[in-house]
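Everything numeric here is computed off the predicted structure, so don't read it as measured data.
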Amino acid sequence: MGESWFQREFLTPRRLVFNILFYGSHFGLFAYGWSSQATNQKLAGLNTLKWSVWSSRGAGIVLAYDGGLILLPMLRNIIRVIRPKLAWAFPADENIWFHRMVAYQFAFWAMVHTTAHYVNFINVERTQIRKQIALEIHYTQAGGITGHFMLLCMVLMYTTAHHKIRTQCFEAFWYTHHLAFFFMIALYTHATGCFVRDSANPHYSYTFPFYVTDHCLGYESWRFIIWPGIIYFGERVWREIRARRSTQLSKVLVHPSGAMELRMIKPSFKYTAGQWLFLQVPDVSSLQWHPFTITSAPEDPYVSIHIRQVGDFTRALGERVGAGPSVVAQLTQAAMKAYEKSEKEANPAIGRGDFVELDPHSTTRPMPVVRIDGPYGAPAEDVFNVEVAVLIGAGIGVTPFASILKHIWYRQKKGNLGALRRVEFFWVCRDAPSFGWFQSLLQEVEAAQMDPNFLRINVYLTQKIGEDMLWNIAVNDAGAEYDPLTLLRTRTMYGRPDWKSIYQRIRQAIETGQYLPGSQSQLKTTVGTYFCGPGVMANAIKVAAMGSRSATVDFTFAKEHF
């Protein structure tokens, strides 16, 4: 029986250490804030409000702490630099996950803080500890105004960050998340105006900040949490400067099933195989940046990305470059005919693995200006640090492995593969035309293998096969050197992979010395799995990989995150 969600998220050794430090620091700060307020004799008047003011103060200092933490995982350039050196010490590849964890804590402690303050305001009117009524504190003082403004920002940002809204309307997520700039300014100024003091009224003065600060007893936590904001702002300015460096869109290729390949030239752009970038096309949107995996290898003279036209931005981009729905439909239909008919019967203008290259000179409208920002780190960079690399892509999730397979090919020629001794590549596709995304690359990589055991390609087709396609496979597969669907030597398998049996076979082959050559089979072997695709599939693969560990074979798992 596989491990439960609770065991996976809270009791695995690495997560257990994280949870103790993360949640422990939150409750520790809450206890410190509560105690500091309750024992401060200068605040004896406020302490007559008892647990509500103690709770609001404790939660307030936790929120200040989270206000600094929530920006740290967004420092992508810093993470990219330190990732290769410190990935063992912290989850550098799970920065978005950590950002969400902090956001959840922020929401929880904001509810505690807000609820306690509403009780405070009721008690203020009841005890007359201050002359103002609750409405005045709410809407005429800096603390009340900024607090309600931050709550409004949180409602907008949290609701549009939901997975379904983010995938169906990325623009809503993108624009509302930029309220974070105003949210952080409100956070830094939330406790100003001598909100917590040892007297009913502050002593006013004629100079800024127009009151005597000797009576102000706030934590002044903004002095500490403002530094992540300054660093983040500086990084965003640097990213904008870097993205504006000259970038040329040199080619647009349209593949079957709607995959569009953009090839760009940017001399200042240096990257590692498996990394990703942000793309902006001002003609489509001057504010939006969208993440895409780099599909070219560092040795290529261009930078390429593959894009499926499934959202508003990608469809608008397709229309702008002349690769709209009509072009995609024609190409996919022709590719489908090539699969359903035999080689002798079919002679379509567009074959199964072919693509259409759009000529920028064939239209009066020039190619759009593009900007790229990055690169940014990804777990698949580490493939050369393990003895066996298992690369798994689902659908368009195969894109990071296009870059990695190319890079492996180049490094094979140089004889510089690091610790890498074997590569298992799995590609799970829903429909046959999707194989055309980078079928030619797989053919070249497969044909170039000097050692037939080094790279093993495993292609799975999960769609229900039609009668015409089934007949074509039966006729053309018998005795053929190449698979009739993919044109690879490796035969296509049908249905969903049985990950448990796949990993058990790999472990058994390593343990019996049949998998790795020479002395490598006698050492403890690390099998690294790198996956890009849907979360449900990722969980199944991770459970299968972790469940196959033994004393001599260690399995690791990493998923692509954006």
Subject >> Check against ring pair (Phe, Tyr, Trp, His ring centres under 6.0 Å), Trp97 and Phe18 >> reply: CA-CA 13 Å; Trp97 171 84; Phe18 169 81; 5.1 Å; yes
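- When Trp109, Phe108, Phe22 are each tested for a ring pair (Phe, Tyr, Trp, His ring centres under 6.0 Å) with Phe27, only one passes: Trp109.
- Between Gln280 and Ser285 there is no side-chain heavy-atom pair separated by less than 4.5 Å.
- Counting only distance, with no hydrogens or angles, the side chain of Lys266 and the backbone of Ile372 share a donor-acceptor pair below 3.5 Å.
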**OP:** Just do the ring pair (Phe, Tyr, Trp, His ring centres under 6.0 Å) check on Phe426 and Trp499 with the steps written out, would you?
**Re:** CA-CA 11 Å; Phe426 292 85; Trp499 298 112; 5.4 Å; yes
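- From Arg263, atom CZ reaches atom CG of Leu249 across 11.5 Å, with rounding to the nearest 0.5 Å.
- Annotation: cation-pi geometry satisfied between Arg411 and Phe384 (NZ/CZ under 6.0 angstrom from ring centroid, within 45° of ring axis).
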Original post:
Hey, mind stepping through Leu420 and Ile408 against side chain to side chain contact (heavy atoms under 4.5 Å, CB included) and telling me if it holds?
Top reply: CA-CA 10 Å; Leu420 190 63; Ile408 289 174; 4.1 Å; yes
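- Here OH of Tyr175 is found 10.0 Å from SG of Cys169. Values are rounded to the nearest 0.5 Å.
- Between the side chain of His178 and the backbone N or O of Trp174 there is at least one donor-acceptor pair closer than 3.5 Å.
- Aromatic pair Phe170/His290: centroids less than 6.0 angstrom apart.
- Here Tyr302 contributes atom OH and Met264 contributes atom CE; the two are 11.0 Å apart, rounded to the nearest 0.5 Å.
- The two residues Pro73 and Leu69 come nearest to each other via the heavy atoms CD-O, 3.0 Å.
- Glu511 and Ser550 share a donor-acceptor pair across their side chains, judged by distance under 3.5 Å alone.
- For Ile265 against Pro301, the heavy-atom pair with the smallest separation is CG1-O, 4.2 Å.
- The line from CD of Gln105 to NE2 of His26 is 4.5 Å long, rounded to the nearest 0.5 Å.
- Tyr410 OH to Asp300 CG: the interatomic distance, rounded to the nearest 0.5 Å, is 4.0 Å.
- What you find for Trp289 and Ala243 is that their closest heavy atoms are CH2-CB, 3.4 Å.
- Pairing each heavy atom of Phe173 with each of Ala161, the nearest pair is CD1-CA, 3.8 Å.
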**OP:** Kindly indicate, with the supporting measurements, whether the criterion ring pair (Phe, Tyr, Trp, His ring centres under 6.0 Å) is fulfilled by Phe106 and Tyr104.
**Re:** CA-CA 5 Å; Phe106 212 117; Tyr104 296 149; over 10 Å; no
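- Using a 3.5 Å distance cut-off with no hydrogens or angles, the side chains of Ser403 and Thr295 do not pair a donor with an acceptor.
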**OP:** Check the pair Ile541, Asn539 against side chain to side chain contact (heavy atoms under 4.5 Å, CB included), reporting the backbone distance first and the verdict last.
**Re:** CA-CA 5 Å; Ile541 295 171; Asn539 292 334; over 6 Å; no
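- Scored by the side-chain hydrogen bond (donor to acceptor under 3.5 Å, both in side chains) test, Asp373 finds Arg239, Arg242, Tyr376 as partners (sequence neighbours excluded).
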Atom pairs and distances, donor-acceptor, side-chain atoms in residues 526-535, under 3.5 Å, two or more places apart:
unit_1, atom_1, unit_2, atom_2, d
Thr529, OG1, Tyr503, OH, 2.7
Tyr530, OH, Asp382, O, 3.3

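- A 6.0 Å sphere centred on CZ of Arg549 holds more than 12 heavy atoms belonging to other residues, nucleotides or ligands.
- Trp276 places none of its side-chain heavy atoms less than 4.5 Å from the side chain of Pro400.
- Evaluation of the side-chain hydrogen bond (donor to acceptor under 3.5 Å, both in side chains) rule for Thr272 yields no partner, not counting sequence neighbours.
- Side-chain atoms of Met260 and Leu253, non-hydrogen and from C-beta on, never get closer than 4.5 Å to each other.
- Between Ile165 and Thr160, the closest heavy-atom pair is CG2-O, 3.6 Å.
- The side-chain heavy atoms of Val62 and Asp66, taken from C-beta on, include a pair separated by under 4.5 Å.
- Inter-residue side-chain proximity for Arg371 and Thr247 is flagged as unmet; no heavy-atom pair is nearer than 4.5 Å.
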**OP:** Check step by step if side chain to side chain contact (heavy atoms under 4.5 Å, CB included) holds for Met74 and His99.
**Re:** CA-CA 8 Å; Met74 297 295 100; His99 181 73; 3.8 Å; yes
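- Considering only heavy atoms from C-beta on, Leu262 comes within 4.5 Å of Leu317 through its side chain.
- Taking the charged nitrogens against the carboxylate oxygens, Glu387 and Arg421 have no contact shorter than 4.0 Å, which rules out a salt bridge.
- Side-chain contact between Phe557 and Phe555 is absent, with no heavy atoms from C-beta onward closer than 4.5 Å.
- Here the CG atom belonging to Leu391 is positioned 6.0 Å from the CG atom belonging to Leu405, to the nearest 0.5 angstrom.
- Counting only distance, with no hydrogens or angles, the side chain of Ser296 and the backbone of Ser304 share a donor-acceptor pair below 3.5 Å.
- Between Glu235 and Ile78 the shortest side-chain heavy-atom distance falls below 4.5 Å.
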Subject >> Check against side chain to side chain contact (heavy atoms under 4.5 Å, CB included), Thr525 and Val388 >> reply: CA-CA 8 Å; Thr525 304; Val388 181; 4.1 Å; yes
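- A side-chain donor-acceptor contact under 3.5 Å links Tyr65 and Ser25.
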